[in-house]
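So the structure is just underneath, and the comments pick up after that.
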Amino acid sequence: MKALKLYGKRDLRFEESEEPVIEKNDEVKIKVRAAGICGSDLSRYAKVGPYIEGMVWGHEFSGQVVAIGSGVSRVKIGDRVAGCPTLYCGKCDRCKKGLLSQCEKLTVIGARHPGAFAEYVKLPE
């Protein structure tokens with residue numbers, strides 16, 4: 001698949017990338033239909049990183065579910081979705097209080113995990 005990858009400060013490349021594959025029972029694979037550029041994308045591109053060489057960039061998107069893991073119950077193949085780009089642990093005190101945006105291990109796709117400036121992306125349900 002084609003994807004936009006960030007290699008370093010002001011170094012983006014549109015190139016071939018491996019298509020995501022469902023590996024865990026809670027994962028959802030989504031065909032990206034629309035993606036937007038966020039202010040944090042601009043900051044990451046111009047100055048602050050993180051820079052993981054060749055990381056698929058982008059985290060604000062919508063699309064259509066094309067594959068699901070065996071434990072997925074809230075979405076089905078064919079559903080149109082908007083993805084939540086944040087990944088949280090679900091185990092720390094803040095997560096247990098429902099304060100997911102304050103997770104001690106919070107991260108987003110497109111920074112340390114493959115993002116949505118690609119034909120496909122995967123996320124936990």
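Scope of the values below: all heavy atoms of this structure, side chains included, with no hydrogens, waters or symmetry mates.
- Applying the 4.5 Å side-chain rule to ILVMFWY residues, one finds that I22 remains a lone member of its cluster.
- Partners of F117 according to the ring pair (Phe, Tyr, Trp, His ring centres under 6.0 Å) rule, which considers only residues two or more places apart in sequence or in another chain, are W57.
- Scanning all heavy atoms of the two residues, the minimum distance from A35 to A116 falls at CB-O, 4.1 Å.
- A single hydrophobic cluster is seen to contain both L6 and L42, as judged by linkage of ILVMFWY side chains at heavy-atom distances under 4.5 Å, directly or through other members.
- A distance of 6.5 Å separates CG in L87 from CG in L123, rounded to the nearest 0.5 Å.
- With sequence neighbours excluded, no residue satisfies side-chain contact (heavy atoms from CB on, under 4.5 Å) with E18.
- The heavy-atom pair separating G58 from D41 by the smallest distance is CA-OD1, 4.0 Å.
- Between D79 and K76 a salt bridge is recorded (basic side-chain N to carboxylate O distance below 4.0 Å).
- E15 has no carboxylate O lying under 4.0 Å from a charged side-chain N of K2, or vice versa, which leaves the two without a salt bridge.
- Considering all non-hydrogen atoms of both residues, G54 and K5 come closest at O-CD, 3.3 Å.
- With sequence neighbours excluded, the residues satisfying side-chain contact (heavy atoms from CB on, under 4.5 Å) with R74 are E125.
- The pair K9-D11 does not count as a salt bridge, with every side-chain nitrogen at least 4.0 angstrom from each carboxylate oxygen.
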Give the table of side-chain donor-acceptor pairs shorter than 3.5 Å for residues 27-34, with sequence neighbours excluded, one pair per line with atom names and distance.
residue : atom : partner : partner atom : Å
E27     : OE1  : E23     : N            : 2.6
E27     : OE1  : K24     : N            : 2.9
E27     : OE1  : K122    : NZ           : 3.3
E27     : OE2  : K122    : NZ           : 3.4
K29     : NZ   : E19     : OE2          : 2.5
K29     : NZ   : P20     : O            : 3.3
R33     : NH2  : Q64     : OE1          : 3.2

Just list the side-chain donor-acceptor pairs under 3.5 Å for residues 101-115, sequence neighbours left out, or say none.
none

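- Applying the under-4.5 Å side-chain rule to Ile, Leu, Val, Met, Phe, Trp and Tyr, the cluster around M55 extends to I52.
- Identified under the ring-ring contact (aromatic ring centres under 6.0 Å, His included) test for residues 59-95, with sequence neighbours left out: none.
- Residues meeting the side chain to side chain donor-acceptor pair (under 3.5 Å) test with K97, sequence neighbours left out: none.
- In terms of the side chain to side chain donor-acceptor pair (under 3.5 Å) criterion, N25 has no residue partners (sequence neighbours excluded).
- Hydrophobic clustering, defined by side-chain heavy atoms of Ile, Leu, Val, Met, Phe, Trp and Tyr closer than 4.5 Å, leaves Y7 isolated from every other such residue.
- Atoms OG and CD1, from S70 and I68 in turn, are 9.0 Å apart once rounded to the nearest 0.5 Å.
- Residues V81 and V65 approach most closely at CG1-CG2, 3.8 Å, considering heavy atoms.
- For E60, the side-chain contact (heavy atoms from CB on, under 4.5 Å) partners are C38, not counting sequence neighbours.
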